[in-house]
> 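Structure incoming, see below.
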Amino acid sequence: MASVNVYLDKQEYGKDKVRLLKVHKDTKVHRVDDLTIRCLLSGSSFTTSYTEASNKAVVATDSIKNTCYVLAKSSKNVDTLELFAAELANHFLDTYRWVEGAHVTIIRHRWARMIIDGKPHTHSFWRDGDETRQTDIFIKRGPNCKGRRTIELKSAIAGLLVLKTTGSSFEDFVRDEYTTLPETKDRILSTCVDSTWEFNVPAVDSVNLIATLSQIPFNNIYDSVRDVTCDTFAKDESASVQATLYKMAAKSIQNWKWLERVSYALPNRHFFAVDLNYFRGTKNLQEHATVYQPLADPSGLISATVARSVGARL
Ligand SMILES: O=c1[nH]c(=O)c2[nH]c(=O)[nH]c2[nH]1
């Protein structure tokens, strides 16, 4: 059989699912950051670890995990996911001169402060939902100047489950021989929001990286995108998931000059009014609907990315 030439096309490696809880004890009112971290390294020096079984360049994934804990201890930025992710990624580039790219993803799990005897408790928390905040940063060494860094940065909300009981219609769609869905002026709208916002970050020298990124109000932007998502969802007289999605994404780009693109993936979790006519002619359809059956599968899935127009930078 003729031998076929192959080559290593892409590679990155590191540690996934590094779990850590940082407790901020700087005041009596403790705060917590419960994180899941992924740190992946790449660069041509790692090629031989795949092709020639040489581990000479390999920083053990165990050491990568240990680094997450060490930096979580020393960092002042763990409560701003984007900055902590940047510190981690840049650490690998600064420490190992052969690492060309560092890709860090952090998921933050929710812990809300307990209200006890009517007051926020100083050190007790509860999980108020599965929604997470996430960030994903890829820092690359500049091609000519090794201290230069190019940064791709995006953040996200995942798993924000929402439902409204009116203020949503779906009419005027294609009707043909495949159509069974009736038009409706009033339906339940429910979705599990995944939203991602991409930052416009200029290339920067390693020594200025954290100072430069610190100018971006990451926590305010996260709060704001979440607020815009909920506010638009609640107030919009929705003609469709598509139309409501576009309003949400456009608003956040208009609100924040650092945002380049905002994406949403919105599954349409269907609730259908149960036809109760079988029981003594009970009316429960259209304007009479109060009892609904949630449909687990299938769901619609509406996704789109809205971008800032060229020349539209504030
Ligand atoms: O908001 C909606 N968009 C659709 O494209 C669609 N399709 C469908 O069956 N229901 C809905 N709802």
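Note that these values count all heavy atoms, side chains included, but never hydrogens, waters or copies made by symmetry. Since this is a predicted model, take the numbers as computed values, not measurements. Read the numbers this way: they start at 1 and go in the same order the structure lists the ligands and their atoms.
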> With ILVMFWY side chains joined below 4.5 Å, transitively, what does Phe173's cluster contain besides itself?
Phe170, Leu181, Phe272, Leu295
> For atom 3 (N) of ligand 1, what is the nearest protein heavy atom, given as residue, atom name and distance?
Gln242 OE1, 2.9 Å
> Here's one to test your reading of the geometry: is the NZ or CZ of Lys164 within 45 degrees of the ring axis of Phe233 and under 6.0 Å from its centre?
yes
> Could you tell me the residue and atom name of the protein heavy atom closest to atom 8 (C) of ligand 1, and the distance to it rounded to 0.1 Å?
Phe170 CE2, 3.6 Å
> Kindly confirm or rule out an N or O of Val241 lying under 3.5 angstrom from an N or O of ligand 1.
yes
> How far is atom 9 (O) of ligand 1 from its nearest protein heavy atom, and which residue and atom is that?
Leu181 CD2, 3.5 Å
> Compute both the distance and the angle, then confirm whether Arg113 meets the cation-pi test with Phe125: under 6.0 Å from the six-membered ring centre, within 45 degrees of the axis.
no
> Does Arg127 pair with Asp34 as a salt bridge, N-O distance under 4.0 Å?
yes
> Got a sec, which residues hit salt bridge (charged side-chain N to carboxylate O under 4.0 Å, His left out) with Arg280, two or more places apart in sequence or on another chain?
none
> How far is atom 12 (N) of ligand 1 from its nearest protein heavy atom, and which residue and atom is that?
Arg187 NH1, 3.0 Å
> Which ligand 1 atoms are under 4.0 Å away from a heavy-atom of Ser240?
1 (O)
